[in-house]
Amino acid sequence: MKTVAVIDRFSDQDTAVILVESIQKEFVVKQTALPPEAKPHDYLDVEIIDQTLKIIGINHEETTAQKTNIKDKMAKLRAKNKGVSRRRR
């Protein structure tokens, strides 16, 4: 099954935690199994075969879309909080 996953974090033991939201599963892989330019919060195209994760590559489009989405949400929160703090003065 081909799907999208996200690099949650790198551990201090040269491993990476990969989250596959579509199946609610976490995989731990060696960092060397990732593309060299991969970093935490990058989205990956992956394939799952017999409960084994095969990394196809970085999904730059999904990574950019998710980062933009988070940036927009943070801006809305900051704007909302600015309005709240002014009313309390």
Side-chain angles (χ1 to χ4, degrees):
M1 169 179 88
K2 289 187 180 181
T3 189
V4 177
V6 64
I7 302 171
D8 183 54
R9 64 189 176 278
F10 291 140
S11 75
D12 55 350
Q13 298 155 344
D14 297 326
T15 58
V17 178
I18 311 294
L19 304 177
V20 183
E21 294 175 11
S22 62
I23 61 169
Q24 299 289 303
K25 188 158 176 141
E26 178 181 291
F27 292 88
V28 178
V29 300
K30 297 231 180 250
Q31 287 183 25
T32 55
L34 298 171
E37 69 275 15
K39 54 194 177 301
H41 311 294
D42 279 350
Y43 280 76
L44 304 169
D45 289 319
V46 299
E47 188 170 9
I48 301 169
I49 304 168
D50 296 326
Q51 301 299 313
T52 302
L53 185 74
K54 177 184 174 193
I55 297 165
I56 298 168
I58 295 175
N59 184 322
H60 295 285
E61 186 176 302
E62 185 67 20
T63 299
T64 300
Q66 292 295 334
K67 286 181 180 180
T68 300
N69 186 25
I70 290 168
K71 187 176 179 181
D72 291 347
K73 286 181 180 181
M74 290 301 294
K76 286 179 185 178
L77 281 172
R78 285 188 189 104
K80 183 178 177 181
N81 288 337
K82 249 185 198 180
V84 170
S85 64
R86 286 184 184 161
R87 289 184 212 153
R88 291 183 178 171
R89 289 184 185 172

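In Glu26, the CD atom is crowded: over 12 heavy atoms of neighbouring residues, nucleotides or ligands sit closer than 6.0 Å. Counting non-hydrogen atoms of other residues, nucleotides and ligands closer than 6.0 Å to CD of Glu21 gives a total of 12 or fewer.
A distance of 9.0 Å separates CG of Leu19 from OH of Tyr43, quoted to the nearest 0.5 Å. Expressed to the nearest 0.5 Å, how far NZ of Lys67 lies from CG of Asp72 amounts to 14.5 Å.
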Solution key, residues 52-61 side-chain donor-acceptor pairs under 3.5 Å, sequence neighbours excluded:
residue	atom	partner	partner atom	Å
Thr52	OG1	Asp50	O	3.4
Asn59	OD1	Glu61	N	3.3
Asn59	OD1	Glu62	N	2.8
Asn59	ND2	Asp45	OD1	2.9

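Listed by chain and number, the hydrophobic cluster partners of Ile70 are Met74, Leu77, where partners are ILVMFWY side chains within reach of under 4.5 Å, directly or through others.
Linking ILVMFWY residues whenever their side-chain heavy atoms come closer than 4.5 Å, directly or via other members, leaves Ile7 and Val4 in distinct clusters. Both Leu34 and Val20 belong to a common hydrophobic cluster when Ile, Leu, Val, Met, Phe, Trp and Tyr are linked at side-chain heavy-atom distances under 4.5 angstrom. Note on Phe27: it clusters hydrophobically with Leu44, by side-chain heavy-atom contacts below 4.5 Å among ILVMFWY residues. Cluster membership for Val17 and Ile48, using ILVMFWY side-chain heavy atoms within less than 4.5 angstrom, is not shared.
Every salt bridge (charged side-chain N to carboxylate O under 4.0 Å, His left out) that Lys39 has, sequence neighbours left out, goes to Asp42. In this structure Lys25 satisfies the salt bridge (charged side-chain N to carboxylate O under 4.0 Å, His left out) test with no other residue, sequence neighbours excluded. Legend: residues meeting side chain to side chain donor-acceptor pair (under 3.5 Å) with Ser11, ordered by chain and number and at least two apart, are Thr15.
Met1 has its side chain within reach of Ile23: a pair of non-hydrogen atoms, C-beta onward, lies under 4.5 Å apart.
Residue pairs meeting the salt bridge (Lys or Arg N to Asp or Glu O under 4.0 Å) criterion with at least one member in residues 9-20, sequence neighbours excluded, do not occur.
Nearest heavy-atom pair, Ala38 versus Phe10, reported as atom, atom and distance to 0.1 Å: O-CZ, 3.7 Å.
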